[in-house]
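See below for the structure under consideration.
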Amino acid sequence: MLRTAGASGNAATRTAGGVRTRGWLERLILSEYLVFYLTTAYFLAVWPIVPEIATASSLSNMLTDMLPLLVVAIGQTFVLIVAGIDLSVTSIIAFASVVGASVMTADGGYLGGSPLAVPAGILTFLLIGGLIGWFNGFCCTRLGMPPIIVTLTGLMFLSGTAIWYTTGHSETSSIAGLPKAFVLIGQGSAYGVPNALWVALAVGISAHLLLGHTVFGRWLYAIGINRKAAEISGVPVGTAILWTFVISGVCAAIASILFTGRLETGTPVLGQRILLDIIAAVVIGGTSLAGGKGKIVWTVGGVLFLVVIDTSLKLLGMSLFVVFAVKGGVILFAAIIDAMRQRIIMRG
Amino acid sequence: MSGTAGRRLALVVLQNAPLIAFVVVLVIFASLSDRFLTLGNFTNIVTQSSHIAIMAIGITFVLLTAGIDLSVGAVMYVGVAILALYLGDLPVVVSFPLVALIGLALGAVNGFFVVQMRGLHPFIITLAMLFILRGAALWMTDTRMVFVAEPIMSLGRTSYLGVPWAIWMFAAVFALAWIVLRETPFGRQVYAVGQDPVAAGKAGINVPLVLFAVYCICGLCAALGGLVSIAQVAAASSTFGFQKEFPVIAAAVLGGTSLFGGRGGVIGTVFGAILIQTVENGLVMTNANLHHRW
Amino acid sequence: KAQEGKTVALLFDSLVSPFWVSGIEIMRAEAAERGWETLEAISDFDDNRQFEQVRAMIEREVDGILIIQTDANAVIPAIRAANEAGIPMVHFNRPPAESDAYSVAIQADNRKIMQDTVQFLVDEAKAMGGTYKACILIGDLGDVNAIQRRDGFFDIVDQHPDLIEVVARVSTEWNADKAFAGLTNALQANPDINFLVTSSDFLHPQIEQALKIAGKWHPRGEEGHVLFGGFDGDEGAYQRLIDGYLDACGVQNLFLEVDMAFGAFEDLWAGKQVDKLLLDPGFVITAANLEEVRDQMWGYIVWQQQQ
Amino acid sequence: MAAEILRLDGLSKSFFGVEVLHAVSFALHRGEILGLVGENGSGKSTTMNILGGIHQADAGSITLDGRPYRPTGPRDAQEAGLAFIHQELNLFENLSIEENIFISGFPRRLGRLPLIDRGRIGQRTRELLDMVDVRYPPATPVGKLSQGERQLVEIAKALSQDARIILLDEPTTSLTRRETEKLFTIMERLRAQGIALIYISHILGDVLRVCDTIQVLRDGHLVGGGPRDEMPIDTLISLMVGRKIENLFPPRDTEPTTVPALEVEGITQSGVVRDVSFTLHEGEVLGVAGLMGAGRSELARILFGLDPFEAGRIAVGDTTLTEVSPEACMRHGMAFLTEDRRGEGLMMEATIADNTALPSLRAYARSLTGWIARSRLEDDVAEVSRRVQINTTDYRGMLVKNLSGGNQQKVVIGKWLLRQPKVFILDEPTRGIDVGAKFEVYKIVNQLVAEGTAVLFISSEMEELIGMCDRILVMSHGEITGIHERHEFDSERILETAMLKNLADVA
Ligand SMILES: Nc1ncnc2c1ncn2[C@@H]1O[C@H](COP(=O)(O)OP(=O)(O)OP(=O)(O)O)[C@@H](O)[C@H]1O
Ligand SMILES: Nc1ncnc2c1ncn2[C@@H]1O[C@H](COP(=O)(O)OP(=O)(O)OP(=O)(O)O)[C@@H](O)[C@H]1O
Ligand SMILES: [Mg+2]
Ligand SMILES: [Mg+2]
């Protein structure tokens with residue numbers, strides 16, 4: 001693990017060599033797990049107002065609600081660490097959803113009814129995510145285009161294409177009739193644990209290990225901090241960045257599998273509205289948009305934070321504008337906390 | 001090793017990508033529709049791109065300082081909502097400057113937080129503003145569609161010297177921005193701050209003030225863009241300005257303004273905005289609609 | 001079981017057009033009259049979020065869920081969840097796709113209403129003579145209603161290839177901006193458009209502005225009048241009907257639909273069997289039958305309040 | 001003695017609870033050049049930064065013209081008549097020379113309009129550029145200039161402010177001898193006008209030549225000072241390092257072999273280098289001399305695969321490189337220390353350990369999974385860091401940005417040492433490093449060649465090249481204009497070769 005990641009949190013206390021002791025508030029604000037404390041505090045605050053939030057089924061709903069979001073956010077974390085950004089993830093979710101569904105659907109799918117339908121369908125999802133990610137990465141590294149432009153164009157193009165593709169495969173606006181076995185990935189459970197959770201755990205743990213314990217992970221942080229220095233130090237910068245986009249694409253595709261499964265439908269507008277949520281979650285967690293800083297655990301915290309707030313607002317039956325304003329307020333609040341944190345560090 | 005010529009060519013192509021894309025798009029659509037290359041249609045394209053272009057000019061200032069403003073679409077909506085709901089009875093010469101001021105003030109809020117919370121990316125601050133302002137506008141309008149009065153709508157149809165009002169606005173904002181960026185101390189300091197804020201501070205530039213000012217300008221331009229847009233489309237539903245930040249940023253970046261600050265300018269931005277609109281226009285002109293009936 | 005003191009969830013996907021705003025207001029009033037409480041949530045066109053909202057409402061143990069989903073297929077898991085929890089679910093204005101899950105849908109007979117509207121315009125056109133260049137503003141194809149209205153339009157115009165040529169299909173995605181730009185461009189490409197149909201009345205301001213810019217905004221009887229058909233029946237449509245700019249409007253009977261929806265809840269609570277699809281026949285309003293039918297037009301009521 | 005203009009009284013400053021300046025006091029007079037010397041990290045730049053308003057002192061006071069002076073920002077300093085040339089270049093590559101010079105206060109058109117008076121700044125810039133001998137139109141973007149030319153622009157910028165006090169923090173690091181002389185002439189002229197200057201440099205000979213008074217810092221304490229005549233060089237050195245240094249260059253007792261380690265043949269890239277050929281042998285230090293802009297850095301970048309080339313052949317050992325990229329070069333045992341430490345050499349926001357480990361990660365990873373053997377890596381990093389004598393032992397915690405320039409340079413050297421390179425290209429390896437640290441770097445170079453490493457040593461300091469190299473290759477305008485063997489080293493003749501092409505052009 002690159003130390004820089006935690007450095008913002010620890011540098012001050014460390015250089016002080018334990019000479020200075022900080023107040024509990026300062027320590028709390030400096031903690032790199034602040035977002036978890038905030039989530040807990042918020043949860044405890046709304047509990048008396050909507051007691052339903054603490055019921056077992058509500059908690060399990062919250063858990064399953066956050067999983068697909070978490071998986072995309074994990075992919076995004078990789079891209080942000082190298083100072084990139086991937087705005088195409090939601091369109092990958094949508095596009096993979098309809099293409100994958102068109103392979104599996106019982107009403108006229110390419111492999112509809114065949115026992116191969118599900119494995120081939122899943123493979124389609126992953127391939128689409130990987131290929132689009134690869135294409136994004138290719139444009140950003142080999143052609144030197146800015147990631148925001150590449151992926152923004154991808155977003156617009158793929159969203160359109162997803163709708164166009166659907167009209168070619170379905171009378172309605174979406175593709176239904178998905179095999180039971182596939183739907184179970186998004187809905188079912190094994191050993192009392194939702195399948196989606198198994199999937200998210202697998203993705204999360206591999207991502208965590210990849211970032212923290214491998215050469216590839218260290219390269220990514222190095223590229224994020226100083227790309228030129230990384231290049232001169234023999235880091236295959238282009239290839240590494242390309243892979244972050246592939247990872248992001250594949251994560252989006254996995255999220256798409258979960259979303260598509262839970263809605264039992266391949267739809268071309270899937271996930272369209274969650275783009276900013278994804279990026280906000282990662283950044284609230286503490287990953288820097290400027291690159292070089294980020295952790296999977298932080299992202300988990302960021303997603304959890306957003307989902308808890310979202311759920312509470314849903315349970316409160318809040319109107320749309322309240323939801324918007326509260327979300328904005330919360331993000332601003334997170335920003336203020338982060339700024340305070342910087343101040344304290346600077347003060348030394 | 002050979003291929004330098006090729007590499008040079010590639011470089012030239014990349015540096016002039018917006019222009020080349022522009023020409024390619026023109027040629028494609030011109031060959032598909034004989035009405036595409038008419039003066040009338042071109043006026044049409046520029047008119048329709050003017051609100052995006054005005055907002056993109058504003059955001060160019062912010063991008064030049066290596067910042068970003070995601071709240072432009074929301075500022076646009078808030079301004080128009082206030083115009084339609086509370087300022088509808090005032091004459092245009094009063095209500096429009098008021099809305100512009102509101103935009104400036106909202107930009108100032110962005111700027112305030114950006115300056116106060118240095119070390120935190122403006123992305124997150126303006127994202128928060130995006131949510132808060134959209135929420136506020138939805139609350140004001142009760143999510144209903146709002147309408148503007150006939151004088152404003154007729155403004156949207158007015159032409160001076162055969163050139164639509166929107167294009168005049170666009171041209172004025174562009175000319176002013178161009179002069180400010182190139183020929184004023186402030187403009188050059190914007191570039192300096194974007195290139196290296198630490199060095200700018202050491203050179204005695206008031207970095208916080210420059211940052212604050214660019215967000216004010218961006219807010220102002222967003223409100224102006226809203227006015228130009230509403231004068232044309234006459235009514236604003238709850239999706240007014242929704243996700244406008246994407247084409248607006250895209251226009252600036254397509255025009256060669258770097259997201260990492262210090263590079264670019266408003267001329268490119270204008271091209272970027274028009275290019276985006278040209279594609280949309282061309283698609284309709286050639287009836288090559290994604291939603292074509294199958 | 002007493003019908004008083006029930007709680008019903010109203011799950012909308014948006015309130016972008018006056019139709020939905022009026023819809024939710026009529027529902028609130030109707031519910032208050034029946035002594036029900038309402039909980040509201042808007043999904044902002046996000047199927048997944050709406051699914052989560054349904055689960056949250058189940059969590060809140062509401063007595064009934066009225067839903068306006070964005071996607072007919074993606075709503076099925078939500079229906080299943082409601083079925084499992086034993087909570088009746090009614091779809092307002094947009095039916096779900098076919099499935100084994102049980103719910104009741106109230107819907108306007110879009111295709112038929114659109115067919116009637118366009119048929120009226122075609123008859124007018126025939127009567128006036130000449131040939132026609134037509135333009136249609138199509139809604140978001142994620143919306144069944146938009147598809148049915150589009151199909152209704154083509155059902156009729158395709159029967160008259162000699163009379164009408166469709167030169168422009170403007171995709172609006174239910175977005176005013178897009179509609180305006182698209183229509184302006186279409187008028188630029190085809191200045192001779194003289195037959196216009198919109199899939200929803202909420203786009204009227206943009207249509208008016210675009211036609212004015214093109215110099216084509218003239219009431220019936222004047223030279224250069226564009227045959228103009230609308231759909232939904234909002235207050236703007238009523239105004240333009242009496243002003244003579246709009247020739248015909250397919251009206252969804254919103255009052256009837258709300259009544260049908262709430263009636264369905266009561267029947268379901270009472271354990272009665274209710275059909276999966278209940279149709280609102282709607283009607284076409286024109287200058288000719290204005291006086292007789294306007295009382296059933298929800299836009300007229302709103303219009304009256306505004307006067 | 002002339003009137004006192006500036007007085008520092010008991011200045012102290014801490015970063016993160018560590019005190020780096022302890023009660024520093026000294027005075028500056030009108031028409032005086034004060035030399036400030038000290039090892040890396042001794043607090044010279046920090047003192048200047050306090051004067052320039054970049055940092056605020058924790059304790060102590062400053063008096064300017066008898067009045068208390070407490071700048072809270074660079075603006076305050078400018079307004080008080082202080083100009084500051086920073087140790088790190090402080091220019092904006094995206095702006096032109098004239099804009100850079102006037103960025104903090106443009107003359108305006110017609111006095112009131114907020115429009116830049118282009119005519120005036122152009123005129124004034126031309127005058128200033130003439131003074132420092134830079135021949136570029138004022139509207140040239142600074143990005144086009146080489147490091148040395150940028151430094152001259154930085155000096156012109158300080159001159160433009162008509163300051164009463166000018167602070168120069170290592171202004172000559174990228175300058176050639178001739179330009180340095182030019183700078184000294186300018187400084188002397190300023191002194192004659194009654195302007196006071198503070199001059200920081202690691203080149204003690206220069207300090208002794210131009211300064212009237214010299215103050216010595218060690219670990220944040222002012223350990224001595226006085227008029228130049230009372231401060232001979234050995235006194236200075238022993239004050240700075242706290243001990244005596246006998247020799248500037250450590251003796252080397254190994255001889256170069258004749259086994260080729262790097263063979264370069266006909267490397268050409270139009271506009272940059274032309275037909276460059278040479279052979280570097282195992283155990284040899286091959287120096288590269290040349291005037292600023294001669295293309296030495298460009299050549300190094302080409303050899304390491306950072307820049308493209310049109311024609312030529314590069315062979316390491318006995319394999320000709322088919323692909324020339326940093327990765328491929330490193331696979332063949334090459335290493336490259338760039339001249340731009342901050343921009344390309346280091347990850348400033350990362351720790352010493354992370355920086356040091358970066359080029360070697362692969363060697364510490366399982367090939368299939370890429371899983372890093374962390375403890376082995378950390379041990380080796382610590383060992384290398386000790387070997388280059390970085391002045392902290394918190395390798396895993398200390399961020400590189402918080403190190404002094406010299407220690408940062410040691411980190412860059414350390415990161416390449418960890419790879420045990422066979423061919424090591426050093427571009428200005430001692431730029432901005434104090435005498436003691438330089439000596440350490442030289443010792444490391446000697447150790448390396450003793451182990452058989454071949455070193456390509458690019459430097460603008462002639463003494464250093466003569467003291468360290470076995471042969472010196474001279475470049476001018478992208479071409480090799482001569483090779484000098486050790487026995488015929490002579491700075492006059494080398495300089496002549498370096499200007500060969502220029503003379504030919506004139507003729
Ligand atoms: N911004 C900062 N944050 C933390 N520590 C700092 C900072 N600036 C300087 N230091 C520390 O203060 C000490 C003095 O540094 P300074 O830059 O003044 O040294 P210097 O004498 O200029 O050295 P050099 O000759 O290498 O430039 C060093 O130990 C350095 O690590
Ligand atoms: N970024 C750049 N853009 C354009 N020209 C450049 C750039 N950098 C350097 N040059 C030019 O390339 C030539 C070679 O410069 P280079 O830096 O290789 O010289 P050098 O011999 O290493 O001198 P030094 O490192 O001492 O400045 C010079 O004429 C210089 O002006
Ligand atoms: Mg220094
Ligand atoms: Mg060089």
Side-chain angles (χ1 to χ4, degrees), chain A residues 50 52-53 55 57-58 60-62 64-66 68-69 93 97 101 105 159-160 163-164 166-167 170-178 183 186-187 255 258-274 277 307 310-321 323-324, chain C residues 7 9-16 24 37-62 69-81 85 94-99 101 139-148 151 171 173:
Chain A
V50 262
E52 293 95 336
I53 197 166
T55 61
S57 59
S58 165
S60 95
N61 278 354
M62 236 185 298
T64 45
D65 284 354
M66 76 176 266
L69 189 63
I93 292 177
S97 175
T105 174
S159 309
I163 294 173
W164 168 79
T166 312
T167 51
S170 165
E171 285 296 304
T172 62
S173 60
S174 55
I175 301 172
L178 303 182
V183 166
Q187 296 180 349
L258 301 182
F259 274 132
T260 309
R262 82 191 299 207
L263 296 180
E264 301 174 25
T265 311
T267 130
V269 292
L270 193 60
Q272 231 174 40
R273 308 263 153 172
I274 61 169
D277 288 18
V307 168
D310 227 56
T311 308
S312 69
L313 294 180
K314 256 181 302 211
L315 287 174
L316 287 165
M318 287 293 171
S319 58
L320 187 60
F321 45 80
V323 173
F324 267 117
Chain C
T7 306
L10 308 178
L11 304 183
F12 277 57
D13 72 341
S14 78
L15 289 175
V16 280
I24 204 164
E37 254 193 76
T38 56
L39 281 174
E40 295 165 17
I42 295 166
S43 70
D44 203 19
F45 305 106
D46 185 332
D47 301 318
N48 181 59
R49 170 191 289 264
Q50 197 165 46
F51 177 59
E52 290 170 6
Q53 283 167 344
V54 169
R55 294 207 310 195
M57 291 306 165
I58 294 173
E59 223 42 63
R60 291 286 311 256
E61 296 174 351
V62 296
Q69 75 275 1
T70 316
D71 188 276
N73 293 313
V75 74
I76 307 286
I79 309 176
R80 287 226 184 85
R94 290 177 194 150
E98 273 183 37
S99 76
D140 187 323
L141 295 192
D143 179 351
V144 206
N145 293 330
I147 296 173
Q148 291 177 348
D151 291 348
S171 132
E173 294 165 38

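Every chain is numbered from 1, with letters handed out A, B, ... down the list of sequences. Just so we're clear, the structure is a prediction, and the values are computed from it rather than from any experiment. What you see below is based on every heavy atom in this structure, not just the backbone, and it leaves out hydrogens, waters and symmetry mates.
Counting only heavy atoms from C-beta outward, the side chains of R80(C) and E264(A) approach each other to under 4.5 Å. Proximity of R49(C) to I274(A): side-chain heavy atoms (C-beta onward) are nowhere separated by under 4.5 Å. Side-chain atoms of R262(A) and P77(C), non-hydrogen and from C-beta on, never get closer than 4.5 Å to each other. Between V269(A) and D71(C) the shortest side-chain heavy-atom distance does not fall below 4.5 Å.
R55(C) is linked by a salt bridge (Lys or Arg N to Asp or Glu O under 4.0 Å) to D65(A), counting only residues two or more places apart in sequence or in another chain.
Taking chain A as the reference chain and counting heavy-atom pairs below 4.5 Å, the highest number among R60(C), E52(C), E40(C) is found for E52(C). Of the listed residues D47(C), N48(C), L39(C), the one with more heavy-atom pairs under 4.5 angstrom with chain A than any other is N48(C). No other option in A74(C), A9(C), A78(C) has as many heavy-atom pairs under 4.5 Å with chain A as A74(C).
A donor atom on one side chain and an acceptor atom on the other are not found under 3.5 Å apart for T265(A) and N73(C).
For a residue to count as touching a neighbouring chain, one of its non-hydrogen atoms must lie under 4.5 Å from one of that chain's; by this rule S58(A) touches chain C with backbone and side chain alike. With a 4.5 Å cut-off on non-hydrogen atoms, E59(C) touches chain A through its backbone and its side chain both. Neither the backbone nor the side chain of A97(C) comes within contact range of chain A; no heavy atom of the residue lies under 4.5 Å from a heavy atom of that chain. Neither the backbone nor the side chain of L313(A) comes within contact range of chain C; no heavy atoms are under 4.5 Å apart.
Atom-to-atom distance recorded for D277(A):CG and D46(C):CG is 8.5 Å, nearest 0.5 angstrom.
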